Amino acid sequence: MLKQGTFDLKTGAGLIACPRCDALHIEEELQDGETARCIRCETVLASPRGGAFARLIALSFTTMVLMMGAIFFPFLEITRMGFGNATSLFGVVLAFADGVLLPLVLLMLVVVAGLPVLRAFLMVYVLVPLAQGRAPYRHAARAFRWSESLRPWSMAEIFIIGTGVALVKVAGLASVHLGPAFWAFCGLILVNVASRSFMCQTTIWDAIEDGGLATDGRELVDPKAQATGT
Amino acid sequence: MSDQLDHTGPVMTAHHAGLIGCRSCGRAWPAAQDRCGRCGEHLAPPDRRCLQRVWAWWFAGLIMYIPANVFPMMRTQTLAGLHGSSESTIIEGVIELIHYGNYDIAAIVFIASVVVPMAKFIAISWLALAAGRPATVDQAHTRLKVYEVVEFIGRWSMIDVFVVAILSALVQLGFVASIHPGPAAVSFALSVAFTMLSAQSFDPRLIWRGLPLRHNNKT
């Protein structure tokens with residue numbers, strides 16, 4: 001049986017359904033550092049970390065700065081028989097500007113550089129007011145939802161492994177050097193890993209809701225409410 | 001929903017309670033509602049209808065995977081074609097790498113562009129076929145794990161596409177050597193994208209449907 005807490009089985013107020021297995025849980029405010037797992041499938045439902053918003057904002061700005069370097073500086077330079085070529089990500093696109101493969105390369109630029117930057121902007125848009133304790137911006141909910149659904153499509157780290165493979169393949173053909181953009185991309189991967197460890201979607205959704213957006217007062221859950229049942 | 005709870009109690013699902021859970025933010029809503037009031041995500045009940053989309057993307061991915069393997073991935077020209085120009089498909093590229101002794105890189109390319117896509121096709125079709133069938137709790141845990149692996153690993157198949165794009169932009173040394181992408185690069189990229197969409201369309205809540213709601217004593 002569901003133990004008594006502040007929830008409404010008719011409207012779903014105060015309840016959380018696990019997105020992986022549909023098990024119902026009664027919402028409860030967590031302390032920083034605590035982790036909530038689904039009782040059925042053990043998926044992490046929430047794991048708030050202290051100071052996460054400020055850190056995520058900082059990491060988002062880091063992403064934007066590093067990406068500038070990663071796009072415009074060369075990431076590989078090759079020479080053979082006196083012929084040389086240096087390629088920046090931007091140069092890749094220019095090289096195909098009139099080819100039939102332009103769509104492929106544009107898509108690559110979007111996936112490798114565009115989406116990480118877009119996601120960084122969205123995170124800043126969502127989190128800055130929340131970190132300052134103000135009401136979230138009007139489209140914060142949509143921005144955060146987009147940012148989350150774009151996550152699998154931002155592929156900077158895959159691009160780096162690809163660069164490594166390309167390096168080996170071309171090594172027999174010409175001599176190759178790594179450019180500054182390569183290291184910028186490596187930095188981006190570390191930033192990405194760090195921001196993922198601070199990221200807790202549930203906490204951000206709660207903060208957006210608490211901040212006055214799309215709220216219907218259901219945040220006022222009795223902290224002593226014990227979770228789950230029937 | 002915290003750690004200190006006893007994990008022995010039976011489980012109530014949103015579906016059984018006549019509610020519908022948002023897959024994006026987790027909020028539960030009355031079953032009649034079709035948009036989440038918190039995050040604006042479209043609410044879908046955990047039923048087999050989502051499998052249609054899974055299969056549609058799955059077939060699209062499979063169809064694009066055929067030209068990706070038959071046509072050349074890239075064309076290498078040395079000394080303006082005098083020294084010969086070579087075209088290589090995915091498999092030929094791997095063999096070439098082995099030929100030059102780059103076994104580890106060959107392994108990366110082989111795993112990323114042959115093993116992973118194949119395993120993904122098999123895993124998604126298995127999940128879609130098994131979805132909604134009766135299973136034990138342990139089986140459901142295994143399926144969820146498989147789903148999470150598929151979801152995580154899918155994007156890594158893009159490596160080969162990136163390699164071709166990088167190489168063909170980089171190796172433009174005019175007379176000396178040049179590399180051009182082949183038609184397989186596009187179809188491989190599409191195949192990977194379609195299978196990613198297929199995996200995303202799959203609703204993992206289907207894995208758990210029809211399971212006994214009494215929870216096992218695992219913590």
Side-chain angles (χ1 to χ4, degrees), chain A residues 2 9-12 15-17 19-28 30 34-36 39-41 45 76 78 80-81 83 85 87 91-92 95 101 104-105 108 141-142 145 148 152 155 158-159 161-163 165-166 168-170 172-174 201-202 205 209 214 216 226-230, chain B residues 1-3 5 7 9-15 17 19 21-30 37-41 46 97 100 102 105 108-109 140-141 144 151 154-156 158-159 161-163 165-167 169-174 176-177 181 185-186 189 196 200 204-205 207-208 215:
Chain A
L2 283 164
L9 216 46
K10 285 278 177 301
T11 61
L15 292 169
I16 288 283
R20 296 285 189 197
C21 73
D22 214 27
L24 272 185
H25 304 78
I26 297 173
E27 194 174 6
E28 197 179 325
L30 295 184
E34 280 187 315
T35 301
I39 55 154
R40 195 186 201 191
C41 66
L45 292 174
L76 285 178
I78 75 169
R80 189 193 182 191
M81 295 183 188
F83 291 83
N85 193 9
T87 308
V92 175
L101 286 156
L104 175 71
V105 177
M108 190 183 90
R142 188 182 305 162
R145 184 159 54 89
E148 282 307 298
M155 301 187 180
I158 298 163
F159 182 77
I161 307 287
T163 314
V165 176
V168 173
K169 276 201 170 182
V170 90
L173 204 64
Q201 286 94 326
T202 317
W205 281 125
E209 196 173 37
D216 49 6
Q226 294 272 304
T228 61
T230 307
Chain B
M1 55 183 253
S2 87
D3 265 342
L5 297 165
H7 287 237
V11 182
M12 176 71 156
T13 64
H15 189 71
L19 297 170
C22 173
R23 280 187 69 194
S24 164
C25 72
R27 177 59 84 209
W29 297 97
R38 173 155 75 167
C39 67
E41 177 76 317
L97 280 169
Y100 287 119
N102 297 314
I105 299 293
I108 290 180
V109 175
H141 276 280
L144 186 65
E151 210 183 25
R155 36 212 293 278
W156 286 94
M158 279 293 188
I159 285 182
V161 179
F162 289 153
V163 170
I166 294 166
L167 283 180
L170 187 67
V171 186
Q172 295 294 342
L173 302 178
V176 183
V186 180
M196 280 174 73
Q200 282 174 16
R205 294 175 300 184
I207 295 172
W208 301 86
H215 194 265

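These figures come from a predicted structure and were not determined experimentally. All chains are named by letter (A, B, ...) in the order of the sequence lines, taking the proteins before the strands, and each is independently numbered beginning at 1.
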task: Starting at SG of C21(A), measure out to NE2 of H141(B) and round the result to the nearest 0.5 Å.
output: 8.0 Å
- prompt: Stepwise, does the side-chain contact (heavy atoms from CB on, under 4.5 Å) test hold for M155(A) with F162(B)?
  reply: CA-CA 10 Å; M155(A) 301 187 180; F162(B) 289 153; 4.1 Å; yes
field: Heavy-atom closest pair, residues S24(B) and W205(A)
entry: O-NE1, 3.7 Å
statement: Heaviest contributor of heavy-atom pairs below 4.5 Å to chain A, chosen from P181(B), A185(B), A165(B), is P181(B)
message: E151(B): which residues meet the side-chain hydrogen bond (donor to acceptor under 3.5 Å, both in side chains) condition with it, sequence neighbours left out?
response: R20(A), Y147(B)
query: Can you name the residues that form a side-chain hydrogen bond (donor to acceptor under 3.5 Å, both in side chains) with Q201(A), not counting sequence neighbours?
result: E148(A)
- prompt: Which pair of heavy atoms, one from A17(A) and one from A14(B), lies closest together, and at what distance?
  reply: CB-CB, 3.9 Å
query: Among R23(B), M158(B), E41(B), which has the most heavy-atom pairs under 4.5 Å with chain A?
result: E41(B)
- line: NE2 (H15(B)) and CG (L24(A)) are apart, to the nearest 0.5 Å, by 12.0 Å
- prompt: Between V165(A), T163(A), D22(A), I161(A), which shows the greatest number of heavy-atom pairs under 4.5 Å with chain B?
  reply: D22(A)
query: Any idea which heavy atoms bring I166(B) and A166(A) closest together, and the distance?
result: CG2-CB, 3.9 Å
